[in-house]
Number of protein chains: 2
Amino acid sequence: MSATKTCTDYLRPLRDAMDVLGGKWKIPVIMLLSVRERRFKEIQRELGVAAKVLSKELKELESHELVKRTVFDTVPLAVEYSLTDYGRTLEKVIGEIRDWGVHHRERILERV
Amino acid sequence: MSATKTCTDYLRPLRDAMDVLGGKWKIPVIMLLSVRERRFKEIQRELGVAAKVLSKELKELESHELVKRTVFDTVPLAVEYSLTDYGRTLEKVIGEIRDWGVHHRERILERV
DNA sequence: GTAACCGGTTACTCACAGGTTAGTTGCAAC
DNA sequence: GTTGCAACTAACCTGTGAGTAACCGGTTAC
């Protein structure tokens, strides 16, 4: 942290990232979609999240161009959510978080 | 994601990590402390966080052994917060988040 | 003697994230 | 003809994370 850069400057990218990833379900959703694309109900069932909340989270992810929403004109209509290429750039970040989580869990369990 | 592992199993480490890092100020605090150790008021001023909230966050970080609280028997007494070695294992994760934030900010600005 | 700094704590307030329940449209199965 | 699913939306409710303000004991500076 140089003298010319304030702490605020330094923390801003962190805030930016947290804004995009904020909310209880965004990271889990991205993780699910990084494995393969999914339909609305599928995500809902897997995560146990309320439809309203999931809908909101998906919209936010879409607005940041991390997730793509595709409507299939089938009967009954299907909607599929998938990660965009830009969304895929988050896989590394989320992978790191998850790796740390694995490490952390091991650490806690071995201290019993 | 194998057939024998449920999605819940897969997401658990992510949840573990998010539990530890949850709260508006934990990541910023760790980031500050990763540069160098700081005193209470110092952190408070730099982040603009309420004393009550900072106090709580620091206690939680301490309980997870990420941060060490050292009291100096000086006059007036000083309290210094620093990252533990375990806390340092988070630097990589937070670095990744920040890098992504930098990248994201650039992406947004170039689209104007 | 009084104002200010450090490292907090306590009490009060409040916005809002997230949850619950019900409803909608459009089709298909029983 | 009504029950059910997909993919939501609308209305309402609630817990709590976080902020504000006041205060504490100890200390030093003015």
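A note on names: the letters A, B, ... follow the listed sequences, proteins ahead of strands, and every chain is numbered from 1.
- Closest non-hydrogen pair, A:Ile94 versus A:Ile30, comes out as CD1-CG2, 3.5 Å.
- Counting only residues at least two apart or in different chains, side-chain hydrogen bond (donor to acceptor under 3.5 Å, both in side chains) contacts with residues 73-83 of chain B comprise B:Arg69-B:Tyr81.
- Residues that satisfy the side chain to side chain donor-acceptor pair (under 3.5 Å) test with A:Arg12, not counting sequence neighbours, are A:Asp9.
- Between the side chain of B:Arg15 and the backbone N or O of A:Pro28, no donor-acceptor pair lies under 3.5 Å.
- Near DNA chain C, meaning a heavy atom under 4.0 Å away, there are no residues from residues 17-28 of chain B.
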5' to 3', nucleotides 5-13 of chain C under a 4.0 Å protein heavy-atom cut-off (B base, S sugar-phosphate only, - none) gives -SBSSBB--
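- Regarding A:Arg38, its CZ atom lies at a distance of 17 Å from the C1' atom of D:dA6, rounded to whole Å.
- Taking all atoms of both residues into account, the shortest heavy-atom contact from A:Arg107 to A:Arg111 is O-CG, 3.0 Å.
- Residues meeting the side chain to side chain donor-acceptor pair (under 3.5 Å) test with A:Ser34, sequence neighbours left out: none.
- Atom P of nucleotide D:dA18 and atom CG of B:Leu58 are separated by 13 Å, given to the nearest angstrom.
- Rounding to whole angstrom units, CD of residue A:Glu60 and C1' of C:dG18 are separated by 12 Å.
- Across all their heavy atoms, A:Val93 and B:Ile97 have their closest contact at CG1-CG1, 3.7 Å.
- B:Lys68 is linked by a side chain to side chain donor-acceptor pair (under 3.5 Å) to nothing, counting only residues two or more places apart in sequence or in another chain.
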